[in-house]
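Here it is: the structure, laid out below.
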Amino acid sequence: MEIAKAYKPKEAEESHYQKWEANGCFAPEINENPDATKYSIVIPPPNVTGSLHMGHALQHTLMDALIRRKRMQGFKTLWLPGTDHASISVQRKIVEQLRAEGETPQKVGREEFLRRAWAWKELYGNTIVEQMKREGASVDWSRHRFTMDESLSKAVIVVFCTLYEEGWIYRGKRIVNWCPFDKTVISDAEVKDETRKDGKLVYLQYPVKDSDKKITVATTRPETMLGDTAVAVNPSDERYKDLIGASILLPLTNREIPIVADEYVDAEFGTGAVKITPAHDPNDYELGLRHNLEQLVIMNDNATMNAAAGADFEGLDRFKAREKVIERFEELGLLEKIDDYEISLPVCERCKNIIEPLLSEQWFCNMDEMREMALDLMKNEGVPHFYPQVPHEKVYTAWLENLKDWTISRQLWWGHQIPAWYDAEGNVFVARSSEDAYIAAGTGDLTQDNDVLDTWFSSALWAFSTFGWDGSEPPAVAGGFNADNQDAENHPSATADGSDLEVFSPTDVLVTGRDIIFLWVSRMMMTTKKFVNKVAFNDAVITGTVLGKDGKPMSKSRGNGVDPLEMFDKFGVDATRIYLASIATGADIKWNDTQIETYRNFANKIWNATRFCLLNSEGAKVDAESIEINSRNETSSADWKKKYELITMSPDELQKIIQKEQNLSIADRWIISRLNKTALGVNRALDKYEFHTAVSLLYHFFWDDFCDWYIELVKDEITKSEPSAVADGLTSLSEISNNELQPPATADGSDLNIEARTRIITIIEQSLRMLHPFMPYLTEELWQKLPNTSNQLHNAAYQSAEQTIMLTDFPSGDKSAIDERAEAEMQAVIDVISKVRNIRAEMQIKPSDKPTIHIAANADAQKIFAQNEAQILKLARAESLVLSEKLDVPKASAKAVTTLAEIALPLEGLIDFEKEIARLENQVNKLEKENEQLRKQLSNANFIERAPAEKVQGIRDRVAEIETQVSALRLNLEALK
RNA sequence: GCCGACUUAGCUCAGUGGUAGAGCGCUCGCUUCACACGCGAUAGGUCACAAGUUCAAAUCUUGUAGUCGGCACCA
């Protein structure tokens with residue numbers, strides 16, 4: 001088999017995805033087990049205008065890892081993909097497109113505009129979807145949904161009408177957040193605050209009518225004075241008491257406005273007198289209502305001044321008008337002063353333009369009922385369970401508690417048009433269709449509302465509208481959410497019909513960013529509870545933000561963005577994915593190229609380790625039994641005895657034979673123990689969404705344990721063509737037991753250690769399975785190359801599927817396969833090798849020089865070292881091993897101590913005594929330092945008394961160990977001096 | 001103004017009561033027959049600061065400083 005020397009990601013990424021999809025691996029229907037538990041995730045639908053960014057890549061990686069593991073575990077998994085119609089963004093694209101042609105939306109009309117929008121969506125709307133395929137995302141494309149699909153749109157209409165009929169949705173005139181760039185209202189949740197240090201507080205003097213007095217008001221938006229309809233003061237403010245009820249002659253306008261008293265005014269702030277612009281400020285609006293003030297709108301929808309602002313100002317941009325107002329006041333001698341003022345401005349989340357508070361008639365959704373539903377879920381059931389819980393649960397709850405009405409209409413054309421019709425008199429008819437509206441109105445002469453719904457209105461339904469809910473099904477359970485109103489027609493719900501809605505809802509987990517917890521997560525919880533009486537999802541994994549190298553959020557304007565596709569090209573999809581998983585701690589993280597390189601190297605390491613095993617795989621195959629400790633032990637206790645009962649044998653001898661047949665060296669039992677520990681840890685971590693822990697466990701198991709130690713320890717066994725002593729003994733036994741792994745003869749007649757090869761291949765295979773959810777391409781590529789892999793290795797739920805690693809059983813880890821004794825014994829061997837290597841490095845012994853290693857240890861430990869003699873000699877590059885109770889070596893020896901042994905390397909002529917003394921002293925110092933700390937603890941009577949006995953004993957043992965080692969090192973030092 | 005998070009090795013970050021960790025970087029050595037995207041061996045930290053709780057604190061409590069976030073206010 002020809003295998004490239006280095007992993008080439010692109011080759012692996014080329015074909016597997018297509019094959020997986022073509023074979024139906026992504027769809028839940030691949031699961032043949034009728035009793036399989038479902039596991040479902042809906043994707044946060046990316047905007048059709050979007051292209052893949054690092055945040056998507058991160059979230060998709062996590063979702064895919066979760067889905068792939070569950071699928072391998074035999075769950076009936078569905079990861080549902082889709083896209084969001086993104087009202088404003090698409091609208092903006094089309095407006096730009098029209099502008100380029102010298103057209104405007106108004107000129108071409110709504111119909112043409114929408115035609116173009118759909119065409120745009122068809123052409124570009126799948127960009128991100130295609131990019132997701134590159135990621136390896138195992139989503140079920142047959143269930144792809146778009147928020148403006150027919151059934152999803154129907155769901156929107158039903159929800160709107162239901163909420164309207166129940167009185168939660170209403171139309172009203174309010175101060176709203178107006179974006180002059182997008183020319184639409186936006187909701188509070190879409191407004192961000194931006195602090196500006198260069199703000200100004202302008203003090204304007206208003207002359208009082210029939211008086212020479214003037215009242216000074218302070219404002220950050222002087223242009224709004226053109227819409228002032230009062231000046232307000234605090235009723236108890238002595239300075240203005242006599243002016244209450246008097247009138248102001250409002251400069252520049254020829255209008256006369258009252259001076260009113262209101263508790264809202266803070267006498268301490270500014271001048272204590274406030275200009276009141278009810279149509280352009282929410283507080284002024286409220287105050288205006290209390291005092292019956294006129295509401296004078298002075299701006300157009302693009303934030304230029306309108307006729308009401310006066311002929312001098314009409315048509316001026318709001319900021320130009322601001323300048324001009326200040327100029328004119330100065331000319332009139334009414335400009336008192338201008339102070340510098342740090343101000344926070346509301347800006348549009350998407351286009352960053354400054355929001356204009358504006359009086360406007362809009363549709364609103366009263367959130368009282370749904371807020372309570374969401375709060376109840378959180379308080380009674382703790383749903384959704386946020387990961388990480390802190391701070392999200394608290395922030396989410398606090399937000400809900402203070403939730404105000406939601407502005408749901410938008411002055412846009414692209415989106416779900418509001419199902420409300422008006423007759424000539426302006427009467428409104430909300431209906432599920434125009435026909436229904438005509439019937440209700442008794443006339444066909446109706447006009448539908450021009451506005452569309454907030455994009456988040458349809459995404460709020462995503463957790464059930466995507467499963468086919470369109471409100472047409474009658475409820476299976478009457479009411480349940482509203483005791484007063486159990487009208488079935490108004491409360492469609494799930495039916496027990498095996499539909500996707502019944503099977504896959506509620507979803508298991510939502511993975512998303514913290515920026516849309518309010519906009520989306522909360523609203524899905526609410527609407528899903530209200531309309532299908534289920535939770536939308538049980539868990540909510542909130543990822544941190546991937547920041548640029550400068551520690552700031554990635555953005556085009558900052559130029560600090562990192563394109564996932566570039567990373568895919570440069571480092572490979574798998575490296576990028578596992579890197580992203582490794583940083584998924586929930587905290588924000590700075591992008592770091594060197595870290596992704598680490599995982600690129602890791603991918604190459606996996607490739608090469610597998611390559612090595614494959615180059616030595618003749619006669620071997622993947623065989624789970626080869627690494628199953630348990631079944632073998634069971635065999636040994638019962639069957640084996642039976643098998644050999646005719647043979648006269650002492651129990652010890654029998655045990656020996658069993659051990660030989662098992663052919664499991666300390667290294668084997670050690671790596672099997674490590675493998676199972678890793679599997680248990682990885683599963684435990686993923687169950688808690690601790691992706692970084694899972695990755696770290698896999699990384700270190702594979703690289704450190706498997707590659708650096710296991711492969712090196714068994715290398716000879718695997719590569720040597722002549723049979724080892726152990727394997728030799730195996731031959732005859734295998735015949736007795738009909739062992740199918742009986743070593744065949746190779747072409748040149750030499751025997752191979754098939755068992756060892758099978759074992760290492762099997763360990764590789766298990767490792768690849770565990771790595772698969774993070775590195776799907778690499779693992780599939782390699783798995784397909786392993787000898788005798790087939791769909792026999794699949795989880796029982798996928799027995800008839802085309803062979804692929806993605807349907808193999810995910811290793812669960814076997815607690816009983818953990819062998820602490822083997823791990824300790826292996827550690828003793830590793831310690832010896834490391835110490836010898838340390839001596840070699842410090843004494844600068846050439847690689848070609850092969851010293852003799854003397855080890856002094858007790859009988860048990862000697863046995864361990866004897867069993868691993870070949871490995872110790874090879875890995876420590878030594879000639880021979882001398883085992884004894886006590887060291888007997890020349891003075892010119894370098895020495896070291898481990899927990900179980902004293903080590904000496906006779907280095908006649910090679911040793912530098914100064915260096916050796918320094919080396920030993922260094923070790924003594926380290927141990928003494930540790931010892932000092934431990935003894936301090938032991939000398940504390942309170943510690944002895946109160947700490948757990950186990951802990952105290954542990955420290956006593958360690959002290960004893962240190963002292964043994966120190967005295968040994970001291971003796972060595974004395975000998976040198 | 002209120003609430004919260006963070007501060008650990010040169011860098012980027014793990015680590016929730018019991019001997020301080022990883023990757024990268026640094027230093028030294030190695031064309032050791034899977035891998036130089038590699039192998040081996042070192043060095044490097046008063047865990048922001050201060051006080052407290054505890055036999056024991058990076059970890060719990062309080063305070064201080066800095067960084068960042070959410071909410072409110074913003075005449």
Side-chain angles (χ1 to χ4, degrees), chain A residues 3 5-7 193 195 199 201-204 217-221 224 231-232 264-266 269-277 281 283-284 341-346 388 390-392 394-395 398-399 402 514 517-518 545 549 551-552 571 575 582-583 585 587-595 597-616 692-693 696 699-700 707-708 711-712 715 719 833-834 837-842 844-848 874-875 877 922 929-931 933-934 937 940-948 950-952 954-955 958 962:
Chain A
I3 308 166
K5 224 176 158 185
Y7 174 49
D193 284 334
T195 304
L201 191 58
V202 179
Y203 291 76
L204 303 175
V217 296
T219 178
T220 54
R221 295 186 294 153
T224 60
V231 167
Y264 158 74
V265 180
D266 177 3
F269 188 91
T271 61
V274 187
K275 58 186 279 306
I276 301 298
T277 325
D281 182 280
N283 292 311
D284 293 6
Y341 188 68
E342 186 178 307
I343 189 169
S344 75
L345 292 169
V390 178
H392 303 303
K394 212 172 156 181
V395 173
W399 182 80
N402 297 307
R514 92 169 84 70
I517 291 178
F518 303 154
T545 310
K549 277 176 205 158
K552 304 223 165 94
F571 300 108
S582 82
I583 58 169
T585 62
D588 290 354
I589 192 112
K590 272 184 230 177
W591 182 263
N592 193 329
D593 267 346
T594 64
Q595 304 243 54
E597 243 174 277
T598 296
Y599 289 99
R600 190 266 318 262
N601 297 349
F602 183 47
N604 193 53
K605 189 75 179 175
I606 296 166
W607 177 268
N608 273 292
T610 312
R611 176 171 179 260
F612 168 76
C613 294
L614 285 171
L615 290 172
N616 296 287
H692 64 292
T693 307
S696 163
Y699 182 93
H700 291 292
C707 292
D708 286 349
I711 290 186
E712 297 304 330
K715 204 169 225 176
T719 53
I833 294 169
S834 297
R837 284 171 170 174
N838 172 260
I839 291 170
R840 296 188 66 109
E842 301 271 336
Q844 292 172 322
I845 295 166
K846 286 189 210 131
S848 52
K874 180 171 156 69
L875 300 188
R877 305 186 72 81
N922 184 26
K929 210 173 145 193
E930 188 188 338
N931 202 16
Q933 279 183 339
L934 297 179
Q937 278 191 67
N940 182 341
N942 279 326
F943 172 70
I944 307 290
E945 198 179 314
R946 302 201 192 179
E950 221 180 75
K951 195 59 73 184
V952 176
I955 290 188
R958 179 63 185 151
I962 289 174

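Sequence lines set the chain letters: A, B, ... in the order given, protein chains first and strands last, and positions in each chain run from 1.
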> Looking for any heavy atom pair under 4.0 Å, which part of the strands does R958(A) touch: base, sugar-phosphate only, or nothing?
Replying inline: base

>> If I pick the P atom on A36(B) and the same atom on C24(B), what distance separates them, to the nearest angstrom?
In response: 16 Å

>> Check the phosphate of G18(B) against K951(A), side-chain N and O only, distance under 4.0 Å to OP1 or OP2. Yes or no?
In response: no

> With distance as the sole criterion, do the side chain of K5(A) and the base of C35(B) form a donor-acceptor contact below 3.5 Å?
Replying inline: no

>> So R600(A), base contact, sugar-phosphate only, or nothing? Heavy-atom distance under 4.0 Å.
In response: base

>> OP1 or OP2 of G23(B) versus the side-chain N and O atoms of N601(A): is any pair under 4.0 Å?
In response: no

> How far does the C1' atom of C6(B) sit from the matching atom of U64(B), given to the nearest Å?
Replying inline: 16 Å

>> With a 4.0 Å cutoff (strictly under), does any side-chain N or O of K874(A) reach OP1 or OP2 of U32(B)?
In response: no

>> Can you check the distance between A48(B) and A72(B), where both ends of the measurement are the P atom (answer in whole Å)?
In response: 33 Å

> Is there a donor on the side chain of T220(A) or the base of C74(B) sitting less than 3.5 Å from an acceptor on the other?
Replying inline: no

> Base, sugar-phosphate, or nothing: which does I944(A) touch, judged by heavy atoms less than 4.0 Å apart?
Replying inline: nothing

>> Mind checking if N616(A) touches a base, just sugar-phosphate, or nothing, with heavy atoms under 4.0 Å?
In response: nothing

> Side chains of V217(A) and V231(A): does their closest heavy-atom pair fall under 4.5 Å?
Replying inline: yes

>> Which is more 5' along RNA chain B, the nucleotide nearest E712(A) or the one nearest A232(A)? Just name the residue.
In response: E712(A)

> Quick one: on RNA chain B, does I845(A) or N608(A) contact a more 5' nucleotide (nearest heavy atom)?
Replying inline: I845(A)

> Would one find a side-chain N or O of K929(A) under 4.0 angstrom from OP1 or OP2 of U19(B)?
Replying inline: no

> Is there a side-chain polar atom (N or O) of Y264(A) under 4.0 Å from OP1 or OP2 of C74(B)?
Replying inline: yes

>> For a quick check of understanding: with a heavy-atom distance under 4.0 Å over all strands, which category does D284(A) fall into, base, sugar-phosphate or nothing?
In response: nothing

> Within the structure shown, what part of the strands sits under 4.0 Å from C707(A) by heavy-atom distance: base, sugar-phosphate, or nothing?
Replying inline: base

>> Within the 4.0 Å heavy-atom criterion, would you say R221(A) contacts the bases, only the backbone, or no part of the nucleic acid?
In response: nothing

> Shortest non-hydrogen contact from D284(A) to D281(A)?
Replying inline: N-OD1, 3.0 Å

> Under 6.0 Å between ring centres, would you say that holds for F602(A) and Y699(A)?
Replying inline: yes

> Any idea which heavy atoms bring K846(A) and R840(A) closest together, and the distance?
Replying inline: O-NH2, 2.8 Å

>> Can you say whether a donor on the side chain of Q933(A) sits under 3.5 Å from an acceptor on the base of A56(B), or the other way round?
In response: no

> Closest approach of G272(A) and V265(A), non-hydrogen atoms and distance?
Replying inline: O-CG1, 3.3 Å

>> Is the phosphate of U42(B) approached by N838(A) (side-chain N or O, under 4.0 Å from OP1 or OP2)?
In response: yes

>> If I pick the P atom on A50(B) and the same atom on G23(B), what distance separates them, to the nearest angstrom?
In response: 31 Å

>> Distance check needed: G23(B) P versus K605(A) NZ, whole Å only.
In response: 13 Å

>> Can you tell me whether the side chain of T598(A) and the base of C24(B) have a donor-acceptor pair closer than 3.5 Å?
In response: no

Nucleotide N/O to protein N/O under 3.5 Å, stretch nucleotides 11-14 of chain B:
{"unit_1": "U12(B)", "atom_1": "OP1", "unit_2": "K590(A)", "atom_2": "NZ", "d": "3.2"}
{"unit_1": "U12(B)", "atom_1": "O4'", "unit_2": "N592(A)", "atom_2": "ND2", "d": "3.1"}
{"unit_1": "U12(B)", "atom_1": "O2'", "unit_2": "N592(A)", "atom_2": "ND2", "d": "3.4"}
{"unit_1": "U12(B)", "atom_1": "O2'", "unit_2": "Q595(A)", "atom_2": "NE2", "d": "3.4"}
{"unit_1": "U12(B)", "atom_1": "O2", "unit_2": "Q595(A)", "atom_2": "NE2", "d": "3.4"}
{"unit_1": "C13(B)", "atom_1": "OP1", "unit_2": "K590(A)", "atom_2": "N", "d": "2.9"}
{"unit_1": "A14(B)", "atom_1": "OP1", "unit_2": "T585(A)", "atom_2": "OG1", "d": "2.9"}

>> With rounding to the closest Å, how many angstrom separate the C1' atoms on A58(B) and C30(B)?
In response: 38 Å

>> Just to be sure I follow the notation: if a pair is Watson-Crick (purine N1 to pyrimidine N3 plus N6-O4 or O6-N4) or a G-U wobble (N1-O2 and O6-N3), each under 3.5 Å, what dot-bracket string does RNA chain B give, with | for pairs to another strand?
In response: ((((((((.[[[[.)..(..]]]]..((((.......))))......[[[[[..)....]]]]])))))))....

